[in-house]
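Structure, as structure tokens:
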Amino acid sequence: MKQLIFLCILIFNFSHSQQKKNVSISFTTSESKKGTLYIAVYDNSEKFLQTAVARFKTNYNGSKKHFVIKDLEVGKSISLSAYLDENADGKLDKNFLGIPLEPYGFSQNARGSFGPPKFEEASFTVKANNSITINLK
């Protein structure tokens with residue numbers, strides 16, 4: 001009986017660990033830009049751009065950067081946002097109308113009109129081999 005329980009736990013843990021995958025992201029800019037790249041992961045349309053489930057930052061020194069987000073749940077719908085902080089002030093600078101002055105982008109290269117895109121426009125489903133590109137504009 002103990003062996004059966006152990007086997008069930010082992011199978012459950014193995015199958016559960018198989019449900020987590022990585023997402024490989026390529027970030028690009030039109031020019032050779034430098035700064036700190038801030039990345040946020042959202043898994044909920046009501047909390048999109050307000051409460052991220054994960055945040056990352058990394059150096060960006062050129063026109064292209066590869067980044068991997070690990071252990072995301074397969075089948076989960078997520079959206080990513082990113083911006084390049086060129087002046088190292090820790091925030092996305094905007095003009096008096098609220099239009100970003102630094103490069104930014106979203107998964108699916110979604111662009112909103114008169115504001116950011118909706119969660120559904122930027123979302124994608126985590127699969128076994130996700131590889132996406134986000135153009136920072």
Side-chain angles (χ1 to χ4, degrees):
M1 183 66 173
K2 288 181 183 179
Q3 291 174 338
L4 181 60
I5 292 172
F6 176 76
L7 184 59
C8 288
I9 291 171
L10 184 65
I11 291 170
F12 174 78
N13 285 337
F14 179 76
S15 65
H16 185 34
S17 67
Q18 296 298 313
Q19 295 176 353
K20 301 280 185 172
K21 296 295 177 184
N22 300 338
V23 173
S24 176
I25 311 162
S26 294
F27 293 94
T28 62
T29 57
S30 58
E31 304 170 12
S32 183
K33 303 269 185 175
K34 294 183 180 181
T36 302
L37 182 63
Y38 287 86
I39 307 159
V41 180
Y42 301 92
D43 68 351
N44 185 311
S45 62
E46 288 85 34
K47 297 180 180 181
F48 184 52
L49 301 180
Q50 296 172 12
T51 307
V53 295
R55 292 186 185 276
F56 306 94
K57 71 178 184 176
T58 184
N59 290 330
Y60 190 94
N61 296 316
S63 60
K64 193 168 193 174
K65 173 77 173 183
H66 296 285
F67 190 81
V68 176
I69 300 176
K70 297 181 179 184
D71 297 327
L72 293 170
E73 185 179 333
V74 171
K76 184 85 169 171
S77 183
I78 64 169
S79 292
L80 305 175
S81 70
Y83 71 92
L84 182 59
D85 183 12
E86 296 178 294
N87 61 1
D89 65 354
K91 63 180 183 167
L92 176 62
D93 294 330
K94 300 175 184 176
N95 68 13
F96 70 97
L97 295 173
I99 298 171
L101 297 172
E102 295 176 302
Y104 69 97
F106 297 91
S107 47
Q108 306 289 50
N109 287 310
R111 291 281 178 191
S113 52
F114 301 106
K118 294 182 178 8
F119 175 84
E120 294 76 18
E121 296 171 324
S123 69
F124 64 96
T125 302
V126 177
K127 299 178 191 167
N129 294 315
N130 277 114
S131 181
I132 65 170
T133 299
I134 296 178
N135 299 314
L136 303 171
K137 297 181 183 180

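Quick note: residue numbers are just sequence positions, from 1. We use all heavy atoms of the structure for the numbers below, so side chains are in, but hydrogens, waters and symmetry mates are not.
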Cluster link [X] to [Y], ILVMFWY, side chain under 4.5 Å:
{"X": "F67", "Y": "I132", "result": "yes"}
{"X": "I69", "Y": "F27", "result": "yes"}
{"X": "I25", "Y": "Y60", "result": "yes"}

Point to revise | Set of residues satisfying side chain to side chain donor-acceptor pair (under 3.5 Å) with respect to N87, sequence neighbours excluded | key: D93
Closest approach of [X] to [Y] (non-hydrogen atoms, all atoms of both residues):
{"X": "R111", "Y": "L136", "result": "NH2-C, 4.4 Å"}
{"X": "Q108", "Y": "E121", "result": "CB-O, 3.5 Å"}
{"X": "A82", "Y": "L37", "result": "CB-CD1, 4.2 Å"}
{"X": "D85", "Y": "G90", "result": "OD2-N, 2.6 Å"}

Any donor-acceptor pair under 3.5 Å from [X] side chain to [Y] backbone:
{"X": "S79", "Y": "S123", "answer": "yes"}
{"X": "Q19", "Y": "E73", "answer": "no"}
{"X": "S107", "Y": "A122", "answer": "yes"}

Check your understanding: Are the side chains of V126 and I78 in touch, meaning some heavy atoms are under 4.5 Å apart?
Key -> yes
Review point. So do L80 and I134 actually touch side chain to side chain, heavy atoms under 4.5 Å?
Key: yes
Review point. What pairs of residues pass the ring pair (Phe, Tyr, Trp, His ring centres under 6.0 Å) test when at least one of them lies in residues 70-115, not counting sequence neighbours?
Key: Y38-Y83
Enter the distance from [X]:[atom1] to [Y]:[atom2] here, rounded to the nearest 0.5 Å.
{"X": "L84", "Y": "L92", "atom1": "CG", "atom2": "CG", "value": "10.0 Å"}
{"X": "N22", "Y": "D71", "atom1": "CG", "atom2": "CG", "value": "6.0 Å"}
{"X": "K21", "Y": "L72", "atom1": "NZ", "atom2": "CG", "value": "12.0 Å"}
{"X": "K91", "Y": "E102", "atom1": "NZ", "atom2": "CD", "value": "9.0 Å"}
{"X": "S30", "Y": "K137", "atom1": "OG", "atom2": "NZ", "value": "8.5 Å"}

Check your understanding: So does K34 pair up with E86, basic N to acidic O under 4.0 Å?
Key -> no
Review point. So, E120 and K118, do they make that salt bridge, N to O below 4.0 Å?
Key: no
Check your understanding: How about N129: does its CG atom have over 12 heavy atoms from other parts shown lying under 6.0 Å from it?
Key -> no
Exercise for review: Give a yes-or-no answer on whether the side chains of N135 and T28 include a donor-acceptor pair shorter than 3.5 Å.
Suggested key: yes
Using atom types as modelled, flag every donor-acceptor pair under 3.5 Å from a side chain in residues 39-58 to any protein atom, sequence neighbours excluded.
unit_1 : atom_1 : unit_2 : atom_2 : d
N44    : OD1    : E46    : N      : 2.7
N44    : OD1    : K47    : N      : 3.4
T58    : OG1    : K65    : NZ     : 3.3

